[in-house]
Amino acid sequence: MGKFDETIVALATPPGEAALHLIRLSGSQAEDIMNACFQTRSAAWLRGDVSVLCLGWFCDDGKRIDQIMAARMRGPASFTGENVVEISCHGGMVIVHRILDICCRCGARLAQPGEFSKRAFLNGKIDLVQAEAIIDLINAKNDLSADLALVQLGGAVSEAVKGLRGELLDIVASIEAHIDFPEEEVELVQADVLQTDLIRVRETMQEALRASRTGKIIREGIVTVIAGTPNVGKSSLLNALLGEERAIVTDIPGTTRDEIHESANLGGLLLHLIDTAGLRKSEDPIEILGIARSRKALEQADVVLFMLDATRKAVEKQERMLSEQEREVLVQYADKTIVLVNKTDLLYTDMRVEIAAKPVREAGYELTCIPFSVKARTGFDELKTELRKRFLDGFDMYRQPFLANERQIEAVRVGLAYVEKALGALGASVPFDLVSLDILRALEEVSLITGHEVREDVIERIFARFCIGK
């Protein structure tokens, strides 16, 4: 009996004390094992109905172990495509272990991590994108990431990849049929038509990569660095976003020496917050190390929440100004920076917006400036709106399915490089058989996303081009 012919069993709910637990059996012997251990008066179960849910007793050689609900689903109409039985038992771990032990003694073995989903993939019930979507749905941290996982699980992303893959398959098949079967009635490949087809594929892949940034951010969250000079309110902002006193807040400059990493949900977006050491000139070796880490975090950030103090004044000129460190960061990271001008609640004027933005505007930077007060809880709605605008503007996961993890994105990125190479070779009048090698590699990369085999599909496409009767 091969490895995937064996019947497997596992606890499908998290271990621990609970009201109920779910145990899943899958494989050719699942129903036989269950019948050997299950006592029920259900006529549907005893008749052998294909799909049924009923009450009964789980027994060990006639001795009752627990009263359970048993669900029977025969393959291929099941998650794994095999015969499946699910046991809903009471939630004590002693009961769970006894049922698992009895199932193993009757012919099952304990499943390996992910083996039920793996069997579903091997039996053609799901592809790799849908398998990854199951994990994403389980690990979702907010509504958006859960919805995105559901779209993937429903097959929308798979269909989009299937369309792209189909275009590449047609191109490869047309070239190989032209080369391998010149005497058959197949249409000759024209260089200009091939170029047009490849350009269309390139545009599709480029658009997929542009959109993938949104999908990846929804799934994994936004790396959000809180930066600014000492005592500007960075740690207070972190605490406010978290809703707890995570960072120490004092009037002493340089309190934060190392990065603090936490996650928060704001407006449906998952923020991976990094509170950094204040940016300033320092002679303290520990603070210098903290500032160096701050600069590294700025490089890796998706968005920088750069805080300014609306009340700060220069001693000599009595006017608000930016320090050298602030100017440097605002110039270098302008494209991903949102300026939060904090402590506007202390300004004795109604013209807070203009005054708060003045130091940035006068410096000549076109940045988004939000009048802000962590203490008075003002500016948070505006920040939420700005983040959604930056990362979700035009976003519609149902209209345009998104690649949502690095594996999928990298496959398209590498595939696009091969398409570009093929276009270059075509422009240099390289023979079609050599051009087709790069297109085939692009096809293989795209096929990695869903886990489809390439060679068999190419052969099918080739012979589909032949006349009926050939």
Side-chain angles (χ1 to χ4, degrees), residues 141-142 217 221-280 287 290-291 293-312 320 322-323 325-326 329-330 333-334 336-347 352-353 355-357 359-360 365 367-391:
K141 299 296 190 297
N142 54 37
I217 278 173
I222 303 169
V223 178
T224 308
V225 171
I226 304 173
T229 55
N231 270 25
V232 76
K234 300 185 299 298
S235 295
S236 296
L237 175 61
L238 175 73
N239 291 340
L241 291 171
L242 294 175
E244 62 176 279
E245 296 299 312
R246 172 65 178 85
I248 298 173
V249 177
T250 73
D251 293 331
I252 304 171
T255 303
T256 302
R257 300 294 188 91
D258 204 354
E259 298 171 4
I260 299 176
H261 293 251
E262 291 290 347
S263 295
N265 196 316
L266 185 67
L269 288 169
L270 178 64
L271 306 184
H272 294 302
L273 299 168
I274 305 175
D275 182 18
T276 60
L279 299 171
R280 65 169 180 173
E287 189 176 0
I291 293 170
R293 291 191 177 187
S294 298
R295 294 189 176 278
K296 184 178 180 181
L298 288 168
E299 291 283 349
Q300 299 170 343
D302 294 314
V303 65
V304 176
L305 303 183
F306 196 84
M307 302 190 75
L308 298 176
D309 186 345
T311 68
R312 190 185 65 204
R320 293 171 183 80
L322 298 176
S323 69
Q325 290 79 14
E326 289 170 323
V329 171
L330 291 176
Y333 305 106
K336 59 182 178 182
T337 295
I338 300 173
V339 178
L340 305 181
V341 190
N342 193 30
K343 306 182 185 180
T344 53
D345 57 306
L346 301 178
L347 295 177
R352 292 180 179 177
V353 176
I355 292 177
V360 180
Y365 308 129
L367 296 167
T368 299
C369 292
I370 299 177
F372 209 81
S373 173
V374 176
K375 184 176 181 181
R377 300 292 297 180
T378 59
F380 285 86
D381 287 342
E382 290 80 0
L383 173 59
K384 179 175 24 177
T385 299
E386 179 64 23
L387 287 171
R388 291 185 67 87
K389 176 183 174 183
R390 290 190 178 210
F391 293 101

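Counting begins at 1 with the first residue of the sequence. Quick caveat, the model's predicted, so the values are computed rather than measured.
Summarising the geometry of Val341 relative to Ala310, their closest heavy-atom pair is CG1-CB, 3.6 Å, with the distance given to 0.1 Å. Scanning all heavy atoms of the two residues, the minimum distance from Leu367 to Ala334 falls at CD2-O, 3.3 Å. For Val374 against Gly233, the heavy-atom pair with the smallest separation is CG2-O, 4.3 Å. Minimum heavy-atom separation, Leu242 to Ser263: CD2-O, 3.4 Å. Between Ala240 and Phe380, the shortest heavy-atom distance links the atoms CB-CZ, 3.8 Å.
More than 12 heavy-atom neighbours from other residues, nucleotides or ligands sit within 6.0 angstrom of NZ on Lys336.
Residues Phe372 and Leu237 meet the side-chain proximity criterion, which asks for heavy atoms closer than 4.5 Å. Using a 4.5 Å heavy-atom cutoff, the side chains of Arg390 and Ile222 are not in contact. Between Asn342 and Leu340 the shortest side-chain heavy-atom distance does not fall below 4.5 Å.
Side-chain atoms of Asp302 come within 3.5 Å of backbone atoms of Val223 as a donor-acceptor pair (strictly under, hydrogens ignored).
Here the CD1-CD distance, from Ile370 to Glu382, works out to 6.5 Å after rounding to the nearest 0.5 Å. To the nearest 0.5 Å, atom CG of residue Asn265 and atom CG of residue Asn142 are 5.0 Å apart. Rounding to the nearest 0.5 Å gives a distance of 11.5 Å between CG of Leu241 and CD of Glu262. The CZ atom of Arg377 lies 12.5 Å from the CG atom of Asp345; values are rounded to the nearest 0.5 Å. Asp309 CG to Lys343 NZ: the interatomic distance, rounded to the nearest 0.5 Å, is 4.0 Å. Rounding to the nearest 0.5 Å gives a distance of 5.0 Å between OH of Tyr333 and CG of Leu298.
The residues Asp275 and Lys234 are annotated as not salt-bridged, no charged nitrogen and carboxylate oxygen being separated by less than 4.0 angstrom.
Tested against Thr224 for a side chain to side chain contact (heavy atoms under 4.5 Å, CB included), the candidates Ile274, Leu269, Val303 yield a single pass: Val303.
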